[in-house]
> 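Before I ask anything, let me first share the structure, which is written out below as structure tokens.
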Amino acid sequence: MAGICYSIKKNRIGSGLTVGFTMEEDGTLTMNEHEPRHLLYLRALDCATQDGSWGRLSFEAEYPENMTCYVYVRALNESMFYRSGELTGIDDFLCDPKEPPTIKREFFERVHAKRHVNHKDILMYEQKGRYLYIAIEFVGEGNGYVRNIRVDRRGDNFMQTFPEIYRERNSFFHRYLSIFSSIYMDFQQDIEQLPGLLDIDTCPVQLLGTYGKWLGIDLDCDIQDEKVLRDLVREAYSLNRMKGTKKAIARIANIMLGEDVLILEHNIMEDYLAGKDRADIAKLYGSSIYDVVMLVEHPVSELVKSQLMYLIDQFKPIRSRIHIVHLKSDGMLDSHSYLDMNARVFKVDDGGLDKSQIMDGVVTLI
């Protein structure tokens with residue numbers, strides 16, 4: 001049990017109480033700029049051992065110089081206390097939004113909690129108890145964040161390597177060695193996160209461009225959609241295997257636009273066109289065997305179009321020219337429109353006839 005390390009993530013933070021913060025998907029707490037006070041109360045960490053020892057509390061935080069950070073830490077063997085003659089859970093009391101911060105601060109003072117000012121790395125060797133209660137308070141307006149909160153029960157890695165006479169807990173020697181132990185554990189934490197940095201699904205979005213270049217695809221076209229970037233990097237290997245084919249172009253377009261496109265090649269279309277139609281069709285499909293037309297059902301912005309062309313240029317066949325054509329939306333006929341017997345509706349949808357409609361012999365239902 002002595003080596004347990006708690007990582008305070010989104011679920012545990014959410015089960016506590018936050019005031020003046022906005023929690024992000026990764027558990028980062030972002031300060032609301034105009035709030036004068038930012039509070040975080042965590043539910044107790046339970047080591048399941050009476051008079052359990054605690055090691056180190058650390059977190060990452062950035063906040064303005066005119067803001068003050070207070071951290072309250074106290075380990076107790078009790079999870080309940082008497083308040084006005086009634087037995088009350090400490091967690092329920094601290095995480096109750098109706099209780100004012102001054103009353104909670106008074107509670108920490110009465111249980112002799114240790115208060116640390118503007119510290120983000122705290123040794124808790126003097127704390128003994130089964131339950132560890134933590135509160136973090138920022139006083140002052142401004143922008144900032146808190147993330148990566150960790151509690152290590154051991155606190156050091158080196159004390160057990162020394163003779164018994166040197167292993168006095170919370171001694172000067174113990175605290176001195178904790179400086180090097182903290183550096184070692186921070187390095188170890190960074191090493192443990194390396195697999196996540198190399199995973200396309202979990203790595204920071206800023207690394208996707210680098211990974212794309214490693215896999216042979218240039219993503220320096222200012223794509224803002226994170227899902228599109230991850231899909232492109234994830235499929236970079238298979239796209240490179242299809243480079244120079246219609247299939248590669250169609251797949252890139254599908255990732256970028258979220259829909260299938262129709263790709264028409266001039267040298268294939270020419271075999272189906274009558275001589276009198278070629279002049280008119282050339283305006284759409286081009287006049288050279290290197291012309292390729294991509295038909296897109298829905299209009300896209302010029303920015304997305306330029307990004308799409310930037311990617312396609314890396315995978316299209318040599319000397320080919322890609323043209324993107326946006327198809328217009330479907331038309332609609334009102335109730336006073338009539339079709340001749342030779343007219344045809346290309347897109348057929350389900351319809352219904354009410355009791356007042358009469359069909360003569362010319363009407364055919366398909």
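For the numbers below, each heavy atom of this structure counts, side chains included, while hydrogens, waters and symmetry mates do not.
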> Taking D225 first and then R230, would you say they form a salt bridge - that is, a charged N and a carboxylate O separated by under 4.0 Å?
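So D225 does not pair with R230 through a salt bridge.
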> Tell me whether L39 shares a hydrophobic cluster with V146, the cluster being built from Ile, Leu, Val, Met, Phe, Trp, Tyr side chains joined at under 4.5 Å.
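No, L39 does not connect to V146 through the hydrophobic network.
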> State plainly whether one hydrophobic cluster holds both V111 and I136, where clusters connect Ile, Leu, Val, Met, Phe, Trp and Tyr through side-chain heavy atoms under 4.5 angstrom apart.
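No, because V111 and I136 fall into different hydrophobic clusters, even though each may have its own neighbours under 4.5 Å.
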> Going through the checks in order, is the side-chain contact (heavy atoms from CB on, under 4.5 Å) test met by D51 and R130?
CA-CA 6 Å; D51 294 322; R130 174 174 176 174; over 6 Å; no
> Do we get K243 above F315's six-membered ring, with its NZ or CZ under 6.0 Å from the centre and within 45° of the axis?
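Yes, K243 lies over the aromatic ring of F315.
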> Which pair of non-hydrogen atoms, one from V261 and one from A250, has the smallest distance, and what is that distance?
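Minimum heavy-atom separation between V261 and A250: CG2-CA, 4.4 Å.
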> Nearest 0.5 Å please: distance from the CG atom of L303 over to the CD1 atom of I223.
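Atom-to-atom, L303:CG and I223:CD1 are 9.0 Å apart.
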> Below 6.0 angstrom between ring centroids: does that apply to Y125 and H174?
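Between Y125 and H174, the centre distance is under 6.0 Å.
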> Check step by step if side-chain contact (heavy atoms from CB on, under 4.5 Å) holds for F21 and Y145.
CA-CA 8 Å; F21 287 106; Y145 66 85; over 6 Å; no
> Regarding N118 and T68, is there a side-chain donor-to-acceptor distance under 3.5 Å anywhere?
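No pair is found: no donor N or O on one side chain lies under 3.5 Å from an acceptor on the other.
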> Name all residues meeting the side chain to side chain contact (heavy atoms under 4.5 Å, CB included) criterion together with D260; count only those two or more places apart in sequence or in a different chain, and write none if there are none.
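With sequence neighbours excluded, D260 shows a side chain to side chain contact (heavy atoms under 4.5 Å, CB included) to N254, given in chain and number order.
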> Are R115 and V71 packed together at the side-chain level, in the sense that at least one heavy-atom pair is separated by less than 4.5 angstrom?
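Not touching, per the 4.5 Å side-chain cut-off.
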> Could you tell me whether a side-chain N or O of S320 sits under 3.5 Å from a main-chain N or O of Y290, the two making a donor and an acceptor?
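Here the side-chain-to-backbone pair does not exist.
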> Are L76 and L45 connected, step by step, through hydrophobic side chains (Ile, Leu, Val, Met, Phe, Trp, Tyr) whose heavy atoms are closer than 4.5 Å?
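No: no chain of side-chain contacts under 4.5 Å links L76 to L45.
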> Which residue pairs satisfy the salt bridge (Lys or Arg N to Asp or Glu O under 4.0 Å) criterion with at least one member in residues 72-91, sequence neighbours excluded?
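Pairs touching residues 72-91 that pass the test: R83-E99.
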> Is it true that D26 and K10 make a salt bridge, defined as a side-chain N closer than 4.0 Å to a carboxylate O?
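Salt bridge between D26 and K10, a charged N being under 4.0 Å from a carboxylate O: no.
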> To the nearest 0.5 Å, tell me how far I134 CD1 sits from I8 CD1.
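That separation rounds to 6.0 Å.
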> Could you go through Y41 and Y133, starting from their C-alpha distance and side-chain angles, then the distance that decides it, and tell me whether this counts as ring pair (Phe, Tyr, Trp, His ring centres under 6.0 Å)?
CA-CA 8 Å; Y41 295 96; Y133 298 94; over 10 Å; no
> Any chance NZ of K128 has more than 12 other-residue heavy atoms, nucleotides or ligands included, within less than 6.0 Å?
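For K128, atom NZ is crowded (more than 12 foreign heavy atoms under 6.0 Å).
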> Is Q307 reaching over with its side chain to a backbone N or O of D222, donor-acceptor style, under 3.5 angstrom?
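Yes.
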> Test side-chain contact (heavy atoms from CB on, under 4.5 Å) on L29 and R147; report intermediate values, then the result.
CA-CA 6 Å; L29 293 174; R147 67 185 180 193; over 6 Å; no
> Measuring from T210:OG1 to L215:CG, what's the distance to the nearest 0.5 Å?
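If we round to the nearest 0.5 Å, T210:OG1 and L215:CG are 11.0 Å apart.
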> Could you tell me whether the side chain of D96 and the main chain of D92 form a donor-acceptor pair under 3.5 Å?
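Flag not set: sc D96 to bb D92 has no pair under 3.5 Å.
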> Are F108 and I122 linked, directly or through intermediate hydrophobic residues, by side-chain heavy-atom contacts shorter than 4.5 Å (ILVMFWY only)?
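Cluster IDs for I122 and F108 differ.
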> Determine, stepwise, if the pair D121 / R56 fulfils salt bridge (charged side-chain N to carboxylate O under 4.0 Å, His left out).
CA-CA 7 Å; D121 200 321; R56 177 192 179 205; 2.5 Å; yes
> Let me confirm one number: the CD1-CG distance from I217 to L311, rounded to the nearest 0.5 Å.
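So the gap between those two atoms works out to 5.5 Å.
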> Between Y310 and L219, does the side-chain contact (heavy atoms from CB on, under 4.5 Å) criterion hold? Intermediate values first, please.
CA-CA 9 Å; Y310 185 87; L219 298 175; over 6 Å; no
> In this structure, is the centre-to-centre distance between the rings of F81 and F93 below 6.0 Å?
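That pair passes the under 6.0 Å test.
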> For atom CD of Q50, is the number of surrounding heavy atoms from other residues, nucleotides or ligands below 6.0 Å larger than 12?
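Above 12, so yes.
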> Aromatic contact between F138 and Y70, with the criterion being ring centroids under 6.0 Å apart: yes or no?
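No, they do not, as the ring centres are separated by 6.0 Å or more.
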> To the nearest 0.5 Å, tell me how far H116 NE2 sits from L57 CG.
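Separation between the atoms: 8.0 Å.
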> Does NZ or CZ of K114 come closer than 6.0 Å to the centre of the six-membered ring of Y72, within 45° of the ring's axis?
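Output no; distance or angle outside limits.
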> Tell me whether H38 contacts the main-chain N or O of G20 through its side chain, where contact means a donor paired with an acceptor under 3.5 Å.
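Flag set: sc H38 to bb G20 pair under 3.5 Å.
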> Which heavy-atom pair separates D291 from H323 by the least distance, and what is that distance?
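For D291 and H323, the tightest heavy-atom pair comes out as OD1-NE2, 3.2 Å.
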> With side chains defined as the heavy atoms from C-beta onward, is the minimum distance between V292 and K316 less than 4.5 Å?
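A side-chain contact under 4.5 Å is absent here.
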> Please list, chain by chain and in numerical order, all residues satisfying side chain to side chain contact (heavy atoms under 4.5 Å, CB included) with F180, sequence neighbours excluded.
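So F180 forms a side chain to side chain contact (heavy atoms under 4.5 Å, CB included) with F158, Y176.
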> Nearest heavy-atom pair of S178 and L123: which atoms, and what distance?
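Between these two residues, the closest heavy atoms are CB-CD1, 3.8 Å.
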> So, do C95 and R43 sit near enough that their side-chain heavy atoms are less than 4.5 Å apart?
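Touching, per the 4.5 Å side-chain cut-off.
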> Has R150 got a side-chain atom pairing as donor or acceptor with Y6's backbone, closer than 3.5 angstrom?
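Not confirmed, R150 side chain does not pair with Y6 backbone.
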> Sequence neighbours left out, what pairs pass salt bridge (Lys or Arg N to Asp or Glu O under 4.0 Å) with at least one residue falling in residues 172-184?
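Output for this query is empty, none listed.
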> Can a salt bridge be assigned to the pair R251 and E235 using a cut-off of 4.0 Å between side-chain N and carboxylate O?
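E235 and R251: salt-bridged.
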> So, the side chain of N77 versus the backbone of Y131: is there a donor-acceptor pair under 3.5 Å, distance only?
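Pair absent, no side-chain N/O of N77 close to backbone of Y131.
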> Mind listing the closest non-hydrogen atom pair of I312 and M294 along with its distance?
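In this case the closest contact between I312 and M294 is CD1-CE, 3.3 Å.
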> Is N66 atom CG crowded by more than 12 heavy atoms from other residues, nucleotides or ligands, each under 6.0 Å away?
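More than 12 within 6.0 Å, yes.
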> Listing request: all ring-ring contact (aromatic ring centres under 6.0 Å, His included) pairs with a residue in residues 213-239, at least two apart in sequence or in separate chains.
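Of all non-adjacent pairs touching residues 213-239, those that pass ring-ring contact (aromatic ring centres under 6.0 Å, His included) are Y211-W214.
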> Linking I/L/V/M/F/W/Y whenever their side-chain heavy atoms sit closer than 4.5 Å, directly or via other members, would V139 and I103 fall into one cluster?
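Yes; I103 is reachable from V139 via cluster members.
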> Can you tell me how far CG of D46 sits from CG of L132, rounded to the nearest 0.5 angstrom?
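Separation between the atoms: 10.5 Å.
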> Determine, step by step, whether E106 and R110 satisfy the salt bridge (charged side-chain N to carboxylate O under 4.0 Å, His left out) criterion, reporting the C-alpha distance in whole Å, the side-chain angles of both residues, the deciding distance to 0.1 Å, and the verdict.
CA-CA 6 Å; E106 182 180 349; R110 292 195 176 189; 2.8 Å; yes
> Is there a side-chain hydrogen bond (donor to acceptor under 3.5 Å, both in side chains) between Q127 and S53 once you walk through the steps?
CA-CA 6 Å; Q127 300 290 340; S53 58; over 6 Å; no
> Below 4.5 Å, heavy atoms only, C-beta onward: do L40 and L17 meet side chain to side chain?
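Not touching, per the 4.5 Å side-chain cut-off.
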> Can you name the closest pair of heavy atoms from G129 and C47 and give their distance?
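Nearest heavy atoms, G129 then C47: O-SG, 3.8 Å.
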> Which atom names give the shortest non-hydrogen contact between Y63 and C69, and what distance separates them?
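Taking every non-hydrogen atom into account, OH-CB, 3.6 Å.
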> By the salt bridge (Lys or Arg N to Asp or Glu O under 4.0 Å) test, which pairs, at least two apart or in different chains, include something from residues 29-38?
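Checked against salt bridge (Lys or Arg N to Asp or Glu O under 4.0 Å) - neighbours excluded - the pairs reaching residues 29-38 are R37-E137.
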> Does V296 reach the side chain of V325, with side-chain heavy atoms less than 4.5 Å apart?
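No, every pair of side-chain atoms sits at 4.5 Å or beyond.
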